Number of protein chains: 2
Amino acid sequence: MSSIRERLLDAAARVYAETGYRGATTRRIAQEAGVNEITLFRHFGSKTTLIIEAVRQANLRSDCPEVPLTPSEVAPEIRTWVGEELAHLTQLRSIIRTSLGEVEERPEIIPLIGEKPREVILGLRAYVEQLQREGRADPDIDARSAALTFFGALFADAMGRDVMPELYHESLEDSADHYATLFLRAIGVAENAGNGVRGQAPRAKGRARGEPSLANP
Amino acid sequence: MSSIRERLLDAAARVYAETGYRGATTRRIAQEAGVNEITLFRHFGSKTTLIIEAVRQANLRSDCPEVPLTPSEVAPEIRTWVGEELAHLTQLRSIIRTSLGEVEERPEIIPLIGEKPREVILGLRAYVEQLQREGRADPDIDARSAALTFFGALFADAMGRDVMPELYHESLEDSADHYATLFLRAIGVAENAGNGVRGQAPRAKGRARGEPSLANP
DNA sequence: GTGGTAAGCAAGTGAGTACTTGCGCGTAAA
DNA sequence: TTTACGCGCAAGTACTCACTTGCTTACCAC
């Protein structure tokens, strides 16, 4: 059904995430896409062009959850965001790991993979600073480090869960909930009592993405 | 000075960290070590043997800071540990990134690279649980997630600082201090007023390791 | 039909890969 | 002096890689 070009881009992203740039041979990508290797070159000219385009598309297509511009109901907002962001990072974990591992050799992929995280972290930082200005978060904490810490926690979960799964809660949603709780406590936001302060907090919204298995995104 | 075997192991770890398994050609490793390529094979038999041994040694030789078994003076203990652990992860960041990027293709390196983190996270978790038993930390927080969150924050710093340096505090020590503060607040440990609760907290111990430059470990 | 376009197939090129074989040279213990 | 060993050098093997060329086939608009 899908065009040959799309099949090649999909296959390239998949193979690249699994085996890295050097491991992603044009032969294997073409085979995975079910097309002739020559067709790959006719469409993209070179392996490099194809893989860069594939990585770009893999990052653009996946919808990245945004942290709200202005805080309103902090606790549920944060819980929702943490859950969605963790699911998102988990979905992209394989290609992120591979790209990060090749950063020193191929720094040209940094913008393809690092733009979204930067926006997210800066957004989270601005969110915390706004809370501080409104007197709803502790003014003494360093908003930058807080944003880095909790994005980092989600990032580390996505990167490390495949490697040491026994350390984590089985359920991604449970983990997200705990991370959110710790975040709120760290920045000094009081959760309103009616919502069940700790322990089993209410699921915020539908969260369909992200299976915690070893399958690639 | 150093034996040929050691020179080869060093060079192999360096080249592997830079270019990954496929990129680390025997030719380049031998050249980097200043020995003949044939000598490499006479010593280690195969490229795989050499690289596995090199990665193992690179992880063993670097002294990993331990979180204390039983908590006494929590705030300074944590501050010291966070600083040392961040420096340690920063030092190994290149080889960690590369290994993680190849986990799916070469899972046999997981134990070489993942043993230390596991111990650290479990130790941190036990430390928090002990604090909770002693009534010095909030009993409602999830110790497992707290340990994962704050080790994850340090891990993410070490992995991401090269990629988006403008997001981070320039000084590793300052960053560590902020992470420690957030950790203490998240698990509900009150810092005693005499020690300078926030802001410029006292440096705990000598911390010689880890330069934040781009040079490889 | 006729032309154009997109795809497959066969074969090959030149470079790089891990790894081997055989030989020679220097040092140092015997 | 002899022997053994560690190392370098030259050459080569069998393989894989990205990428090219030339030719054929299938489809689709006109």
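The sequence lines fix the lettering, A, B, ..., with proteins before strands; numbering per chain opens at 1. If you're wondering where the values come from, they're calculated on a predicted model, not measured in any experiment.
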Heavy atom of residues 33-42 of chain B under 4.0 Å from DNA chain D: which residues? V35(B), N36(B), I38(B), T39(B), R42(B)

Who pairs with L60(B) by side-chain contact (heavy atoms from CB on, under 4.5 Å), at least two apart in sequence or on another chain? R56(B)

Here the distance between atom C1' of dC19(D) and atom CZ of F44(A), to the nearest Å, is 16 Å

Rounded to whole Å, please give me the gap between CD in E6(A) and P in dA7(C). 12 Å

Rounded to whole Å, please give me the gap between CD1 in I29(A) and C1' in dA18(D). 11 Å

If you take any heavy atom closer than 4.0 Å to DNA chain C, which residues from residues 46-54 of chain B end up in contact? S46(B), K47(B)

Please list all pairs meeting side-chain hydrogen bond (donor to acceptor under 3.5 Å, both in side chains) that have one or both residues in residues 33-45 of chain B, counting only residues at least two apart or in different chains. T26(B)-E37(B)

Just to verify, what does E102(A) make a salt bridge (Lys or Arg N to Asp or Glu O under 4.0 Å) with, not counting sequence neighbours? R106(A)

Can you sort out the partners of R27(B) under side-chain hydrogen bond (donor to acceptor under 3.5 Å, both in side chains), two or more places apart, ordered by chain and number? none

Residues in salt bridge (Lys or Arg N to Asp or Glu O under 4.0 Å) with R144(B), at least two apart? none

Sugar-phosphate, base or nothing in reach of A24(A), heavy atoms under 4.0 Å: sugar-phosphate

Write down the distance between CZ (R27(A)) and C1' (dA10(C)), rounded to a whole number of angstrom. 14 Å

What I want to check is whether the side chains of T19(A) and R22(B) have a donor and an acceptor closer together than 3.5 Å. no

List the residues meeting side-chain contact (heavy atoms from CB on, under 4.5 Å) with S72(B), not counting sequence neighbours, and say none if there are none. E77(B)

Take atom CZ of R22(A) and atom C1' of dG16(C), then tell me their distance rounded to the nearest Å. 11 Å

Not counting sequence neighbours, which residues clear salt bridge (Lys or Arg N to Asp or Glu O under 4.0 Å) with E166(A)? List them please. R118(B)

